Each structure stands twice: as C-alpha cells, then as structure tokens.
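Each remark here refers to the structure printed beneath this line.
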Amino acid sequence: MGLSFDIGGSRIRAARGGQALGEVTTPAEVGAFVAAIAGFLTPQDRALAISIAGVVDPGTQAIKVANIPCIDGRRLAPDLAAALGRRVLVLNDADCFVLAEVAQGAARGHRNVFGIILGSGVGGGLVIDGRLVQGAGGFAGEWGHGPVIRAPALACGCGQTGCLDTVGSARGLERLHEHLTGEIIGSVEVIRRWRGGRPMPAVNLWLDLVAGQLAMVVNVVGASVVPVGGGLSNDRALIAALDRAVRARILRRLDQPLVVVAEAGPDAGLIGAAYAGEVEFGAA
Ligand SMILES: [Zn+2]
C-alpha cells in the first residue's frame with residue numbers, strides 16, 4: 001500500500017505501506033497545510049491518497065469541509081497535485097471507511113456493501129459491484145438526511161426537519177430517551193440500562209426508526225453486508241438487535257447476519273484511502 005493520509009479538523013495522520021508515519025496538528029493556513037502534507041513525502045512517493053472529513057464532489061473535485069476553513073471549497077486534489085508534483089486522490093471519510101471494510105474488514109469478499117456510521121451523526125458509504133460509488137455531487141451513501149421521521153420530528157443541522165441524523169446517532173438516542181421520558185442521560189447509560197434488562201422504549205424506538213430506513217436502503221442498493229462504525233457500534237448487543245430488526249424488514253430472506261460491527265478500527269481512513277489509491281494509481 002502506498003502513502004495515505006487521514007485529515008480531520010484537529011489532526012493529520014499519515015501511513016505508508018500500512019505503517020503509521022506519525023501525525024501533526026491540522027494547520028489553519030493553506031500554505032502550512034500543504035507544507036504539513038509535503039513533510040511526509042519522500043522522493044519515492046509518486047502518488048498519495050487522502051481521507052477527509054468532508055464531502056468531495058467527484059465532478060468538480062471541490063471539497064466541502066466545514067471544520068478546516070483554509071481548504072473548504074477548494075479543489076483539493078488538483079491543487080495539491082500541482083503544489084506537490086504527485087498524483088493525488090481525495091475521498092470522503094465515510095467512503096474510506098467502507099473501502100477499509102472491503103479491503104480488510106467485515107466486508108471482505110462482498111461485492112455490494114453499504115457501510116454505515118452511527119456516531120456523532122449518521123453517515124454512510126456505498127460500494128457496488130466492488131467499486132466505490134461517490135454519486136452525483138459526492139453524496140451517494142448519505143442516508144442520514146431527508147425529512148423521513150414523522151415523530152419525533154426534530155430540526156436537523158442540514159436545514160430540514162425529521163432527518164434520521166437527528167435520532168439515529170448516539171446523541172439521537174439520547175434525544176429519543178428525553179422525548180419519551182423527559183430524562184436527560186447519555187447514550188451509554190441508555191444502552192447500559194437496556195442491556196441490564198430494563199424496559200427502554202427509547203432503544204425500541206431507535207431500533208424501529210433506524211432499521212426501517214436501513215431496510216429500505218438495503219432493498220434499494222442490494223447490499224449483502226452492512227458494516228457499522230462510529231460510537232454506537234461499540235455495543236455489540238445493540239448492533240445485533242439492529243441486525244435482527246433490519247433482517248425482519250428487508251425483502252430478502254436471510255439467515256446470517258447482515259448488519260455487523262466494522263473491523264478496520266480507528267485506522268479505517270488510512271486503510272481505505274490507501275486501498276483507493278491502489279485502485280486509482282496501481283500498487284506504489
Ligand atoms: Zn438533515
């Protein structure tokens with residue numbers, strides 16, 4: 001595997017051949033940002049692949065990355081390629097997440113994969129017939145937004161009301177518990193009580209809302225596995241319950257697990273970007 005980067009709002013991590021090279025704080029100014037990337041390059045590196053916490057438009061190459069203002073709106077891949085004299089690929093982090101699961105995680109051997117993130121928000125990435133689908137504008141796999149939840153209909157950061165993102169994330173589970181009981185507690189405590197056998201209507205409602213939307217996506221895209229990452233995937237019992245709820249709602253009859261805990265771990269961005277770089281540029 002070649003050189004890959006995982007770029008977030010607070011830090012830039014780098015790896016070559018699957019080995020970590022280190023990390024630096026994400027610079028606030030574009031010249032320092034380019035220099036930070038260049039600092040990891042050797043003369044042998046002919047290409048680099050980047051996972052970034054933002055939307056990448058595959059048509060224009062422009063990226064939308066709100067928490068790194070110095071590169072927000074720029075055509076990052078061509079700009080970096082010109083500045084560094086290397087070939088550059090930039091992908092959304094959810095896309096890298098699903099590619100990491102295909103490369104060496106829970107989706108090995110699967111051709112059609114819908115990878116989902118249930119963390120601070122609800123996100124996803126789509127692989128069809130073994131290839132990443134970015135889609136028009138780069139939004140393919142973004143199943144968290146759209147006004148589909150009737151009750152509780154909550155305002156979403158995207159400007160709409162009733163997005164799955166408002167109830168399906170860890171924070172969403174807390175919102176559901178507050179909506180049903182008036183009590184404000186963390187998602188970890190909600191799940192702990194549920195695992196302890198206490199009736200937790202918020203978890204039942206969460207399972208119904210998330211499984212309903214996910215079943216529809218599975219029917220549409222034909223996924224044979226759905227790896228789950230993000231904070232809520234740390235609870236295997238919750239993901240097993242989600243798996244049962246989704247399989248009860250899809251058209252296909254399936255006796256094996258469909259919704260499974262992701263395996264690539266915290267390096268998924270680096271692994272997925274490196275895998276995408278190999279596909280794009282050939283083995284470095
Ligand atoms: Zn939304």
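In listed order, ligands and their atoms are each counted from 1. Note that this is a predicted model, so its numbers are computed, not measured. Sequential numbering from 1 along the given sequence is applied to the chain's residues.
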Is any side-chain heavy atom of Trp206 closer than 4.5 Å to a side-chain heavy atom of Leu232? yes
Compare all side-chain heavy atoms of Leu254 with those of Ser224 and state whether any distance is below 4.5 angstrom.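 The answer is no; the side chains never approach within 4.5 Å.
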Closer than 4.0 angstrom, basic N to acidic O: yes or no for Asp243 and Arg236?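 Looking at Asp243 and Arg236, the cut-off is not met.
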Looking at Glu174 and Gly186, would you say the former's side chain and the latter's main chain have a donor-acceptor pair under 3.5 Å?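 Side chain of Glu174 to backbone of Gly186: no pair is present.
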Nearest-0.5 Å distance, CG of residue Leu80 to CZ of residue Phe5: 9.0 Å
Taking the Zn ion (ligand 1) as the center, what protein N, O or S atoms are found at less than 2.8 Å? His145 ND1, Cys156 SG, Cys158 SG, Cys163 SG
Mind jotting down which residue pairs meet the salt bridge (charged side-chain N to carboxylate O under 4.0 Å, His left out) criterion with at least one end in residues 81-91? Sequence neighbours excluded, please. none
